[in-house]
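Just so we're on the same page: letters track the sequence lines, and every chain starts at 1. Because only heavy atoms are used, hydrogens play no part in the values below, and waters and symmetry mates are left out as well, while side chains stay in. Since this is a predicted model, take the numbers as computed values, not measurements.
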Amino acid sequence: MKLNSNIPSGPIEQQWEKHRFDMKLVNPANKRKYTVLVVGSGLAGGAAAATLAELGYNVHCFCFQDSPRRAHSIAAQGGINAAKNYCNDGDSVYRLFYDTVKGGDFRSRESNVYRLAEVSVNIIDQCAAQGVPFAREYGGLLDNRSFGGAQVSRTFYARGQTGQQLLLGAYQALERQIGRRRVTMHSRHEMLDLIVIDGRARGIVTRDLVSGKIESYFGDAVCLATGGYGNVFYLSTNAKGSNASAIWRAYKRGAAFANPCYTQIHPTCIPVSGDHQSKLTLMSESLRNDGRIWVPKTKGDPRSPNLIPDDERDYYLERKYPSFGNLAARDVTSRAAKQVCDEGRGVGPGGRGVYLDFRDAIGRLGKDAIREKYGNLFEMYERITDEDPYTVPMRIYPAIHYTMGGLWVDYNLQSTIPGLFVLGEANFSDHGANRLGASALMQGLADGYFILPYTVGNYLATVKPESPGSAHPEVRALEAAVSARLDRLLSINGKRTVSDFHRELGRLLWEDCGMARNEKGLKAALERIPALREEFWQNVKVLGDGAELNQSLEHAGRLADFLELGELMCLDALERRESCGGHFREEFQTEEGEARRDDANFCHVAAWEYRGEGKPPVRNTEALEFDNVHLATRSYK
Amino acid sequence: MPAKSGFWNSTIGRKIVMAVTGLILFGFVLAHLVGNLQLYLGPDAINAYGLFLRQVFHGAGLWIARAGLLVAVVLHIWAATSLTLASRAARPVAYRRWQPRESTYASRTMRWGGVIVLLFVIYHLLHFTLGTVHPSFVPGDVYHNMVAGFQVPWVSAFYIIAMLALGLHLRHGLWSMFQTLGVAHPRYERYAKAFAAVFAAVIVLGNISFPISVLAGWVR
Amino acid sequence: MNLTLHVWRQKNAEAKGAFVTYDAKDISADMSFLEMLDVVNERLIAKGEAPIAFDHDCREGICGQCGTVINGRPHGPRERTTSCQLHMRSFADGDEITIEPWRASAFPVLRDLIVDRGAFDRIIAAGGFISAPTGGAPDANSIPVPKDNADLAMDAAACIGCGACVAACPNASAMLFTAAKVAHLGFMPQGQPERQSRVLAMVAQMDQEGFGSCTNHGECESVCPKGIKLSNIAQMNADYLRATLAQGRREAQAGESGAG
Ligand SMILES: Cc1cc2nc3c(=O)[nH]c(=O)nc-3n(C[C@H](O)[C@H](O)[C@H](O)COP(=O)(O)OP(=O)(O)OC[C@H]3O[C@@H](n4cnc5c(N)ncnc54)[C@H](O)[C@@H]3O)c2cc1C
Ligand code: HEM
Ligand code: HEM
Ligand code: SF4
Ligand code: F3S
Ligand code: FES
């Protein structure tokens, strides 16, 4: 497989400008003859579907929830970055670009990142025009905050509901096009396969989640914006329905899957409270601006936190990373928490937690100031744990939060299958091996509003608008295969429930392919996952039938894909014999326990290619070049 | 005129109709109470007041007012009925268990309360205006009609019950009116509620004072 | 703790439904309400009985997908809390819990506790937006928004479209949901050009969907997980009145100029 990143030539500052000029245009009168399928209605998909329709294309949009407004982008709390430099603190497109490349631990493509930083400013303009109620200063201008350890204030936010408000902006733009019949919305429809004919993506096979009907939709281009695959771990901050099925099916039809092992662990989530736990809830990272993280110095200290005097507390982040302290990068902070818990100094049930303490901030700023800033987060925490964070320190623990890996795309966001575009968290993205806070929302909207609508046009200008038709033998065969798979799931009638299998897969991955990985564990996982998959297909119990609303069947189908993806993740993690960003290999660390990158051998993207059932996938690489930001060791000391 | 038909068909449009007519009816009831309070000034005052009403604008005034009231009542009832039917249709299956928290007895009895008030008004017209159901109706002698009318205990009781129903109707209706006409700013919500409570109480207390005074023998 | 559940079961939109009683034993107080249902479902599957279908996704109170009427209250007994964020510590050992779907003709039941809330999307499609096609936006700071307005807009924009307001309203009215969007956009300078056409179109769609009319009961506000205020309804009523009058005036003028 040849990976051509299609990066335009010339200095990085001019590439996007030049590329926009070089791209072919579709004659405005012809646009409505082209149909574009957009799978996903989150920030990436919603923005793309609305914009493509505004441009005049005929668009179909799909989501598995009951409304496009519920895509998981809704859950983002913290904010969105943009290089507006409204705070006059020295921010610039170049600085955002630089920070993102460095934050990604030099495993992203410079040109893409530069473009992302460049269009970031347009995003804010666009969203403000749509009426997104961003936080304002008294003068009526937009407010910014510094986020996730950035040295400048470039994060725009809307209370603790930034993702929600940005998504509602995109959703409203989308609904406007639905109202004008430019977009046909298919809610409660799940994509189960990709139609590839003559090497081009031509449509998708879906299941209507209410009636159970298997249907095919055709388009001249297919865009996947189906979000991340963090749910492979069972417990994550993703929504329960978040899945990898769309991208996994595309992978099996020939799209390369890049860096599946890059997963991000968010340091500030509410710890697990018991076996019944069905998901993890994130507490915004902004809490680290005022909260101090600590554990008792002595193992298994039984005292309640408020009774432990300061000199018996270990503020381990402040100790290890004096200049960044509690604001060290996500991967670093998460690992440090794991370390102290592994040492037996963790707090709360099961010893898997650390304190995030607001005592000093409340003392300094007063309770009201803290309430003003974090009131809704504190409330949420109290609702879940029944503890009052104003008086008792919060307990937090890292959790799976974001997946940097995804389908490989070139500069045009096109996958290795012509006509298949991938955007948002679903692609392997601009974040390299680690994503900075407030950058995913930026990337989703950049892709959806400002990049994909151009690059899809460039592709469409080279193809004739036509539909293969539902009678096409390949379509028929694919529909039959999709139905057969569902029937098979329904006919096993074994002993274990879908959730039971999912929990086991999750535990396994969290142990062996989670915050820290090593060869032994990964090899063991590579044995155990196929065995678990085998058992799943022999012993899962899915009741009911396919021609009805059947939530267990939906879950079973998604899990079946996770059981395959989990294996690829471990394989990728095993092959990447270095530590970088979210991928920490215990064998590759410095004496102080910091990640050790291997730029000589691994300064590349690993793009996995599917070779058929039972055959090992092939690891292709795309070399990464750093002409602008020089390879350096990331340090938060 | 699509705009008009939109307005008359829309739920908010009809609510506005109900609020405006409700306001007119409230205005009437308030003025009517003030007029009737002259009972306490003795027969001459209130009879003169009755005469004035009948003669203002050469007798046309009364008819104009009657026509206005009739239109208001008809529109009010039309809007109430059509919206009630729409709301019933909107919830075809009832809950098995239901625990209201914010709604009040007054708000939940608007419809029946309204019907009781309507029945009252019909009876009341037969009673004091046409005299059909009055034991000793004397056209023009308002004072006598009232005193004689309320000396029948069950009639007084009926008036008192009807006035309580009206009070409930106004208690919620007046606050509702502010909401419907969009003059309820969050900051003034308290005042709007207080206004509704005070005026509903004034109407109830004022009106039931008549039958009570007669029965108690203070006015004879 | 041990609980008794009375759950509405209905196979599909056409089928007749009924309440079925289940025992929920050994439930931990730390579980969320939906996790309790998960546990019940796992046990049902083990017994070969169809699990209870209920809507949910984010399980952190923001997507608006979950929602059932729990003991006569949409989203259950805790104020400002979605069903997914409700925890079992709000109940006591031995409690009987009645679980019903949202009830409204505009929200037909699809299965068990799942209803179709597509009507909400159509209300937004009718006008719940600011027409700002991608690309033409001026610099974000060229449109200052007074902080008070921005805050009020944000308060209203917090609506998650869960439909609890409709479920709670004795008239099954969608006024709170619709008003929240009208108010959000109406508070922003960007929203002014379409302010009047927006409210007319959204209300027309709301009525067409078959929601009831508001008689200002205030139940909606009390169950709203995001604390959307009743004053938004008053605001929408005022906007509606103003828009109707303005439209009448415009048409009268058009009529005159047409005649002349
Ligand atoms: C709790 C949380 C907090 C976060 N906070 C921040 C933050 O503060 N700042 C930041 O920048 N980022 C944040 N992120 C990350 C960011 O929110 C996501 O990466 C981003 O929103 C993903 O957007 P998306 O459009 O790619 O996917 P999503 O919003 O997840 O949308 C996926 C869409 O695809 C559809 N879909 C999925 N599978 C299928 C299928 N098989 N068939 C049909 N449709 C399908 C879904 O229905 C949905 O519409 C956060 C993430 C989480 C989980
Ligand atoms: C047949 C008789 C009547 C019926 C069926 C009736 C019914 C109703 C109903 C259903 C409402 C709406 C309640 C709400 O919005 O919560 C209402 C409102 C109101 N009614 Fe009546 N009513 C009747 C007579 C009257 C009379 C006689 C008066 C005056 C004395 C009156 C005054 C009001 C007022 C002021 C309102 C408030 C308007 C609003 O809601 O905006 N009504 N009525
Ligand atoms: C106890 C309280 C009341 C008393 C003592 C009272 C008394 C009277 C009297 C004496 C008349 C006849 C006046 C005349 O013919 O000159 C009258 C007329 C009338 N009253 Fe009342 N009234 C009371 C309450 C109400 C209420 C609550 C309403 C409405 C909701 C009402 C509606 C009317 C109407 C519509 C008329 C007819 C006016 C006309 O001639 O057109 N009354 N009332
Ligand atoms: S107004 Fe409140 S109750 Fe109604 S849909 Fe919005 S969030 Fe839910
Ligand atoms: S409960 Fe219903 S009646 Fe109005 S105030 Fe709320 S919509
Ligand atoms: S599941 Fe998303 S709000 Fe409850």
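Contact count versus chain C (heavy atoms, under 4.5 Å) is highest, among A:K84, A:M185, A:E379, for A:K84. Counting heavy-atom pairs closer than 4.5 Å to chain C, the top residue among A:K279, A:K240, A:Q551, A:R176 is A:R176. If you tally non-hydrogen atom pairs under 4.5 Å between each of A:N376, A:T385, A:N238, A:I178 and chain C, the highest count goes to A:T385. Top candidate by heavy-atom pairs under 4.5 Å with chain C, chosen from A:A173, A:G131, A:S211, A:S73, is A:G131. Between chain C and the options A:I384, A:L168, A:L282, A:T51, the largest number of non-hydrogen pairs under 4.5 Å is found for A:I384. Taking chain C as the reference chain and counting heavy-atom pairs below 4.5 Å, the highest number among A:V121, A:L142, A:I124 is found for A:L142.
In this structure A:H276 satisfies the ring-ring contact (aromatic ring centres under 6.0 Å, His included) test with no other residue, sequence neighbours excluded. Residues satisfying the ring-ring contact (aromatic ring centres under 6.0 Å, His included) criterion with A:H266, sequence neighbours excluded, are A:H401.
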Does the side chain to side chain contact (heavy atoms under 4.5 Å, CB included) test come out yes or no for A:E54 and C:T134, once each step is laid out?
CA-CA 8 Å; A:E54 283 161 12; C:T134 307; 3.3 Å; yes
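Residue C:D93 qualifies as enclosed at atom CG: its count of foreign heavy atoms under 6.0 Å is above 12. Remark: A:K541 NZ is packed, more than 12 non-hydrogen atoms of other residues, nucleotides or ligands lying under 6.0 Å away.
C:E42 and A:D500 make their closest contact through OE1-N, 4.4 Å (heavy atoms, listed as atom of the first residue, atom of the second, distance). Across all their heavy atoms, C:A140 and A:D125 have their closest contact at N-OD1, 2.8 Å. Residue A:S278 comes nearest to C:D38 through the heavy atom pair CB-OD2, 3.8 Å, listed as atom of the first residue, atom of the second, then distance. Heavy-atom minimum distance, A:T237 versus C:E60: O-OE2, 3.7 Å. Of all heavy-atom pairs between A:S242 and C:D57, the closest is N-OD1, 4.4 Å.
The closest side-chain heavy-atom distance from C:K147 to A:E137 is not below 4.5 Å. At a threshold of 4.5 Å between non-hydrogen side-chain atoms, the residues A:S552 and C:I45 count as touching. Residues C:D151 and A:R159 have side chains in contact (heavy-atom distance under 4.5 Å, counting atoms from C-beta outward). The shortest side-chain heavy-atom distance between A:Y171 and C:D121 falls under the 4.5 Å cut-off. Looking only at side-chain heavy atoms (C-beta outward), A:M380 and C:Q85 come within less than 4.5 Å of each other. Residues A:Q277 and C:M31 have side chains not in contact (no heavy-atom distance under 4.5 Å, counting atoms from C-beta outward).
With a 4.5 Å cut-off on non-hydrogen atoms, A:K495 does not touch chain C at all.
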